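Structure, as C-alpha cells:
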2 protein chains.
Amino acid sequence: MSPRIGLDRQMIVQAAAEIADTQGTEAVTLAAVAKKLNIRTPSLYNHVDGLPGLRQLLSLYGLEQMHEKLDAACGGRSGDDAVRALAKAYLEFARTRPGIYELTLRAPDPQQPEVAAAGERLVGLLVRILDDYGLTSEEALHTVRGLRSILHGFASLERVGGFRMPLDLDESFRLLVDSYLAGIRAIRKQGQAT
Amino acid sequence: MSPRIGLDRQMIVQAAAEIADTQGTEAVTLAAVAKKLNIRTPSLYNHVDGLPGLRQLLSLYGLEQMHEKLDAACGGRSGDDAVRALAKAYLEFARTRPGIYELTLRAPDPQQPEVAAAGERLVGLLVRILDDYGLTSEEALHTVRGLRSILHGFASLERVGGFRMPLDLDESFRLLVDSYLAGIRAIRKQGQAT
DNA sequence: TACTATAAACTAATGACATTAGTTTTTCAA
DNA sequence: TTGAAAAACTAATGTCATTAGTTTATAGTA
C-alpha cells in the first residue's frame with residue numbers, strides 16, 4: 001500500500017520553499033525541485049498536482065508558518081504592545097522567508113477552503129489584537145485592513161528595493177507603525193461625540 | 001535607413017502593456033505580444049532586448065504614466081488635500097492599470113539609470129507634497145516611505161483579493177490615509193518640545 | 001514464503017516559450 | 001538604378017510542464 005517511501009509531499013514543499021526563499025519565486029520550477037530532490041520531474045506528479053498544485057501548497061505552508069510566528073510574537077498581549085510585536089514579527093518573517101511570504105499572497109486559487117481558512121485565521125489574529133481599542137467591529141475590520149496594508153506595503157517595497165535613500169529602514173518602519181497607532185486613536189476620538 | 005516602418009518600440013510596449021493589464025503580468029510573453037502584433041516572435045528582437053528588455057521598458061513606461069497621473073492629480077496643492085488627492089489617484093492608477101502598476105515595482109534591473117531616475121521623480125513628487133508639514137528632511141523621507149507603504153500595501157492587497165470581508169473598500173482606504181495623516185501630526189507634536 | 005495489487009518511480013513524447021543563427025525582403029540614399 | 005542596412009522571416013536548439021505508458025519495489029495476503 002505504500003511502496004518506495006523515499007519522497008513525500010512535505011519534502012517537496014520544503015525543497016520548493018527553500019528555492020523560493022533563496023532564489024526567488026520565479027525559480028520555483030518543477031525541474032528545479034526535482035533536481036534538488038534527485039528525482040525526475042514527472043515523479044513529482046505522484047505527490048503534487050503540477051506546478052499550480054505545488055504553488056497552492058506553498059501558499060498554505062507560508063500562511064501556516066506566518067500564523068505561527070505572529071501568534072508566538074504577540075503572545076497573550078493586546079493593545080499597542082501587541083501591535084508593535086506583531087509588526088516586528090511580520091517584517092521579520094517577510095525578510096527571513098521572502099519567497100514563501102510572497103507566495104502567501106498569491107495562491108493560484110485563493111478561494112480554496114484550506115487557503116481561505118488559513119488566511120482568515122491570520123486576519124482573526126489581527127482582529128483579536130485590536131480587541132481592547134474599543135472599536136466597533138466594523139471599525140476593527142477597517143483597521144485590520146489598514147494595518148495589513150502598512151505591514152505588507154513596507155515589507156513589499158523594502159523587498160523590491162523600493163527604499164533607496166540612506167535612511168534607517170527599521171526606524172522608518174517603527175515610525176510608520178507608531179504613526180498609524182496614533183492615527184487610529186486620533187480618528188477614534190474625533191469620531192466619538194466627546 | 002528605416003525600412004519597413006510597420007513596427008516600433010512604442011507599439012510593442014503598448015501591446016505588452018495591454019496584455020499585462022488585461023491578462024496579468026504572467027501573460028506578457030514575447031509569443032503573446034508577437035501574436036497581438038501579427039508578427040513572428042523573433043522579429044521583436046529587432047526592437048527590444050528579449051523579454052527582460054521588454055519588461056524593463058514596461059517598468060519605465062509604467063513609472064512615467066504613473067508620475068503623469070499623480071502629478072496631474074495633486075496639481076499645485078500641498079498639505080492634506082494634496083495627499084488625499086494623490087492617494088486617490090494612486091489607487092485609481094493601480095486599479096485601472098494593474099499590470100503596469102505591478103511592473104512599475106519589478107523592473108529586471110531597477111538600478112538602470114532611466115528606471116532609477118523615473119522612480120526618483122515619483123518620490124520627489126511625494127516629498128514636495130509634504131513640503132508644508134514642517135518636517136525635517138529626514139522626517140520627510142521617513143514619511144514618504146510610510147506613505148508609499150500605505151498606498152502600495154492597500155493597492156496590492158486589494159489587487160490580490162486580500163480583502164474579503166463585505167466592507168466598503170474605498171472607506172477603508174480613506175480611513176487608512178486619514179489615520180496616517182492624523183498620526184503624522186500627532187507624532188510630530190509629541191516630538192517637538194512644545 | 002511466495003504472490004499480487006498498487007503506489008511510486010521511470011522513460012518517452014508533445015507542445016509552449018525564449019533565444020540565436022542565418023536568410024530574405026524592403027526601403028532609402030546615393 | 002543600385003546597394004547597404006534595417007527589419008522581417010525561417011529554422012533550429014534548449015528549457016520547462018505535462019501526459020502516457022512502462023517498470024519496479026513494497027506491503028499485505030494467501
Side-chain angles (χ1 to χ4, degrees), chain A residues 1-61 99-100 102-103 106-109 112, chain B residues 1-61 99-100 102-103 106-109 112:
Chain A
M1 240 197 183
S2 64
R4 247 175 301 185
I5 27 70
L7 194 58
D8 82 347
R9 213 162 239 222
Q10 200 183 239
M11 290 172 60
I12 295 175
V13 171
Q14 290 292 349
E18 202 172 312
I19 293 172
D21 286 332
T22 56
Q23 297 161 243
T25 56
E26 311 270 295
V28 178
T29 64
L30 293 186
V33 173
K35 188 166 197 176
K36 196 178 177 78
L37 294 168
N38 281 302
I39 56 170
R40 304 301 169 140
T41 306
S43 305
L44 291 169
Y45 284 79
N46 286 315
H47 305 277
V48 142
D49 197 8
L51 187 57
L54 176 57
R55 280 211 231 274
Q56 189 81 1
L57 290 176
L58 280 172
S59 297
L60 188 58
Y61 169 75
I100 64 173
E102 187 185 330
L103 290 171
R106 286 194 356 213
D109 177 12
Q112 183 204 278
Chain B
M1 243 205 183
S2 67
R4 246 177 301 185
I5 27 70
L7 194 58
D8 83 348
R9 216 163 236 224
Q10 201 184 232
M11 289 173 59
I12 295 175
V13 171
Q14 290 292 350
E18 202 171 311
I19 293 171
D21 287 332
T22 57
Q23 297 161 243
T25 56
E26 310 272 296
V28 178
T29 64
L30 293 186
V33 173
K35 189 166 197 176
K36 196 178 177 78
L37 294 169
N38 281 301
I39 56 170
R40 306 300 170 140
T41 307
S43 306
L44 291 169
Y45 284 79
N46 286 314
H47 305 276
V48 142
D49 197 7
L51 187 56
L54 176 56
R55 282 210 229 272
Q56 190 81 1
L57 291 176
L58 280 173
S59 297
L60 189 57
Y61 169 76
I100 64 173
E102 187 184 330
L103 290 170
R106 287 195 354 214
D109 178 12
Q112 182 204 279

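The model shown is predicted, which means the values in this text are computed figures rather than measured ones. Heavy-atom basis, side chains included; hydrogens, waters and symmetry copies ignored. Proteins get letters first, then strands, A, B, ... in listed order; numbering begins at 1 in each.
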* Spell out yes or no: do the side chain of B:N46 and the base of D:dA6 have one donor N/O and one acceptor N/O closer than 3.5 Å? => no

* To do: Can you tell me the distance, in whole Å, between the CZ atom of A:R55 and the P atom of D:dC16?
  => 14 Å

* Asked: Side chains of B:L54 and B:L44: does their closest heavy-atom pair fall under 4.5 Å?
  -> no

* **Residues forming a side-chain contact (heavy atoms from CB on, under 4.5 Å) with B:R40, sequence neighbours excluded** => B:P42, B:S43

Report, one line per pair, each donor and acceptor closer than 3.5 Å where one atom sits in a side chain of residues 23-39 of chain A; sequence neighbours left out.
unit_1, atom_1, unit_2, atom_2, d
A:T25, OG1, A:E102, OE2, 3.2
A:T29, OG1, A:A32, N, 2.9
A:K36, NZ, A:E18, OE2, 3.3

* Asked: Of all heavy-atom pairs between A:Q56 and A:Q112, which one has the smallest distance, and what is that distance?
  -> NE2-OE1, 3.1 Å

* To do: For the residue pair A:L51 and A:R55, establish whether any side-chain heavy-atom pair is separated by less than 4.5 Å.
  => yes

Pairs: protein N or O with nucleotides 19-21 of chain C N or O, under 3.5 Å:
unit_1, atom_1, unit_2, atom_2, d
C:dT19, OP2, B:Y45, OH, 2.6
C:dT19, OP2, B:L51, N, 2.9
C:dT19, O5', B:Y45, OH, 2.9

* May I have the distance from B:R9 (atom CZ) to D:dA7 (atom P), rounded to whole angstrom? => 11 Å

* Of the nucleotides D:dA8, C:dT11, C:dA18, which has the atom closest to the A:R40 side chain? -> C:dT11

* Structure fact -> Checking A:V13, A:L103, A:I12 against A:L57 for side-chain contact (heavy atoms from CB on, under 4.5 Å), the one that qualifies is A:V13

* Does OP1 or OP2 of D:dC9 have a side-chain N or O of B:S43 closer than 4.0 Å? -> yes

* B:H47 side-chain N/O to D:dA8 phosphate OP1/OP2 under 4.0 Å -> yes

